[in-house]
Amino acid sequence: MKAFGHRRGTRMDEADALVELDIPTPVPGPRDVIVEIRAVSVNPVDTKLRSMDAPDGEPRVLGYDAVGTIVATGGQVRGFRAGDRVFYAGSAQRQGSDARFQAVDERLIALAPKTLSDVEAAALPLTALTAWELLFDRLGVRLGEMDNPDALLIVGGAGGVGSILTQIARRLTGLMVIATASRPETTDWCHEMGAHHVIDHRRPLDQELARIGIPQVRYVAGLTASGEHRDAIVRSLAPQGALALIDDPGEFDIMPFKRKSLSVHWEYMFARPMFETPDMAVQGRILGQIASLVEAGLLKTTLHEVLEPIGIANLRKAHELLESGKGIGKVVLCGFE
């Protein structure tokens with residue numbers, strides 16, 4: 001089957017940064033479904049893995065977010081059947097979704113929202129899982145606690161995770177949501193996603209919070225440039241507050257967090273599938289909740305741009321856009337050449 005990925009770690013200015021692959025069509029394991037892919041989106045993890053050699057030296061198919069139709073199931077699959085339209089983020093331990101067909105564990109998937117098109121639904125899985133786990137599992141915010149008087153600062157509000165985290169926090173908790181952005185178009189996007197306030201992350205975050213009359217916040221979601229903003233984050237957090245981060249600062253000294261008894265949490269949504277944790281099926285259930293919330297009109301897609309078809313040229317465009325740092329929401333590709 002046709003697939004797209006890489007053979008070695010590359011930069012985007014190299015001719016073979018992304019290549020077309022001809023690999024065997026996957027066969028389902030006992031708990032797998034085989035999905036015929038209709039739409040995929042691109043995430044920072046795709047660009048990160050593209051820059052690294054595959055561990056086994058074999059060609060690696062990139063891509064995680066996907067929407068498609070189940071065409072085959074393993075012998076132990078009970079929750080899904082052929083013909084189901086599903087969405088998921090999959091596992092970093094397996095071949096990715098930039099392919100005609102993909103094998104994925106049934107515990108990691110859910111029926112796609114009926115009210116969204118394929119491209120609209122493909123924008124959501126990885127970022128929604130990351131945002132949900134960050135807010136409710138890592139920071140410990142209570143789902144549905146609408147009288148919560150605290151505030152959440154989202155550093156990088158216009159990106160994929162920030163866009164859906166803003167919605168989840170605004171619609172499913174009582175938190176005041178403060179997002180950061182640095183351009184008029186990203187500021188407008190953050191407001192559209194539901195942020196109560198938007199501040200400029202080109203300036204010290206604590207000074208920007210003071211400018212809008214908020215001295216400190218209880219929670220910070222560090223989605224980008226966490227190392228650069230570390231000292232301002234410490235100043236911005238109230239005593240006994242919490243930071244959850246998803247990016248990869250080269251160094252991140254947490255000693256400055258001690259004086260205020262601040263907690264620091266890492267969120268990595270691939271941890272459950274990577275280690276096949278006992279609660280791995282939670283991810284499928286979270287996606288089911290996301291689909292229900294979308295169908296109820298409480299959450300909406302974070303789709304910003306569609307590229308068609310799924311092929312080398314458009315995958316290059318998507319990777320280059322992500323690496324530019326100027327993306328808004330999610331970029332989705334659909335259809336095969």
Side-chain angles (χ1 to χ4, degrees), residues 1-5 18 33-47 61-71 83-90 96-102 104 108-132 158-168 185-186 189 192-193 269 286-322 324 326-337:
M1 67 171 183
K2 180 185 290 189
F4 303 99
L18 295 167
V33 300
I34 303 298
V35 178
E36 183 174 9
I37 302 297
R38 294 182 180 177
V40 299
S41 75
V42 179
N43 294 280
V45 67
D46 295 86
T47 66
V61 180
L62 295 172
Y64 297 96
D65 282 329
V67 172
T69 303
I70 294 175
V71 295
D84 284 344
R85 176 175 171 261
V86 296
F87 75 148
Y88 56 88
S97 59
D98 294 346
R100 290 275 189 177
F101 298 92
Q102 184 183 17
V104 61
L108 302 176
I109 70 176
L111 296 176
K114 297 182 180 66
T115 54
L116 296 185
S117 67
D118 293 337
V119 292
E120 290 171 329
L124 291 174
L126 189 150
T127 52
L129 285 167
T130 299
W132 191 282
V161 176
S163 299
I164 191 64
L165 176 57
T166 297
Q167 295 184 57
I168 291 172
E185 59 269 32
T186 52
W189 177 264
E192 184 182 339
M193 292 298 107
M269 60 77 48
I286 292 172
L287 288 176
Q289 288 178 279
I290 294 294
S292 295
L293 291 163
V294 168
E295 291 168 356
L298 292 173
L299 300 178
K300 60 183 179 180
T301 184
T302 56
L303 173 68
H304 188 261
E305 184 174 353
V306 178
L307 300 174
E308 187 176 0
I310 301 171
I312 294 296
N314 283 329
L315 283 167
R316 288 189 71 97
K317 288 179 183 177
H319 278 238
E320 288 167 353
L321 179 60
L322 281 183
S324 75
K326 296 181 179 179
I328 299 176
K330 294 300 294 292
V331 179
V332 175
L333 294 80
C334 65
F336 278 88
E337 294 177 318

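What you see below is based on every heavy atom in this structure, not just the backbone, and it leaves out hydrogens, waters and symmetry mates.
Interatomic distance, CG of N43 versus CG of L126, reported as 4.5 Å (0.5 Å rounding). Once rounded to the nearest 0.5 Å, the distance linking CD1 of I286 with CG of L293 reads 11.5 Å. The CD atom of Q102 sits 3.5 Å away from the OH atom of Y88 when rounded to the nearest 0.5 Å. Atoms CZ and CD1, from R100 and I37 in turn, are 11.0 Å apart once rounded to the nearest 0.5 Å. The CD1 atom of I290 sits 7.5 Å away from atom CG of L129, with the distance rounded to the nearest 0.5 Å. Between T69 atom OG1 and F101 atom CZ the span is 10.0 Å, to the nearest 0.5 Å.
Residues passing the side-chain contact (heavy atoms from CB on, under 4.5 Å) test with A110 are F87, L287, sequence neighbours excluded. Looking at residues two or more places apart in sequence or on another chain, you find no ring pair (Phe, Tyr, Trp, His ring centres under 6.0 Å) involving F4. For S41, the side chain to side chain donor-acceptor pair (under 3.5 Å) partners two or more places apart in sequence, or in a different chain, are D65, K330. Among residues two or more places apart in sequence or in another chain, the salt bridge (Lys or Arg N to Asp or Glu O under 4.0 Å) test is passed with D118 by R38, R85. Residues that satisfy the side chain to side chain donor-acceptor pair (under 3.5 Å) test with Q167, not counting sequence neighbours, are absent from this structure. Applying the side-chain contact (heavy atoms from CB on, under 4.5 Å) criterion to A122, with sequence neighbours excluded, gives A39, V67, V332. By the salt bridge (Lys or Arg N to Asp or Glu O under 4.0 Å) test, E185 is found to be paired with R183, residues two or more places apart in sequence or in another chain being considered. Residues satisfying the side chain to side chain donor-acceptor pair (under 3.5 Å) test with W132, not counting sequence neighbours, are none. Here S117 pairs with E120 under the side chain to side chain donor-acceptor pair (under 3.5 Å) rule; sequence neighbours left out.
Here salt bridge (charged side-chain N to carboxylate O under 4.0 Å, His left out) pairs that include residues 288-297, with residues two or more places apart or in two chains, number zero. The ring pair (Phe, Tyr, Trp, His ring centres under 6.0 Å) contacts involving residues 109-128 comprise nothing, where partners must be two or more places apart or lie in separate chains. Note on residues 298-321: pairs passing side chain to side chain donor-acceptor pair (under 3.5 Å), not counting sequence neighbours, are R50-H319.
Here the closest non-hydrogen pair linking G162 and T166 is O-OG1, 2.7 Å. Taking all atoms of both residues into account, the shortest heavy-atom contact from A131 to I168 is CB-CD1, 4.1 Å. Between W189 and S163, the closest heavy-atom pair is NE1-OG, 2.7 Å. Contact record, P44 with L322: N-CD1, 3.7 Å, taken as the closest heavy-atom pair. In this structure, A318 and V331 approach most closely via the heavy-atom pair CB-CG1, 4.1 Å.
Within the 4.5 Å cutoff, the side chain of V33 has no heavy atoms near those of the V86 side chain. Side-chain atoms of L62 and L315, non-hydrogen and from C-beta on, never get closer than 4.5 Å to each other.
Of the possible polar contacts, one joining the D46 side chain to the G63 backbone as a donor-acceptor pair under 3.5 Å is found.
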Residue pair L299, L124: steps toward the side-chain contact (heavy atoms from CB on, under 4.5 Å) verdict: CA-CA 10 Å; L299 300 178; L124 291 174; over 6 Å; no
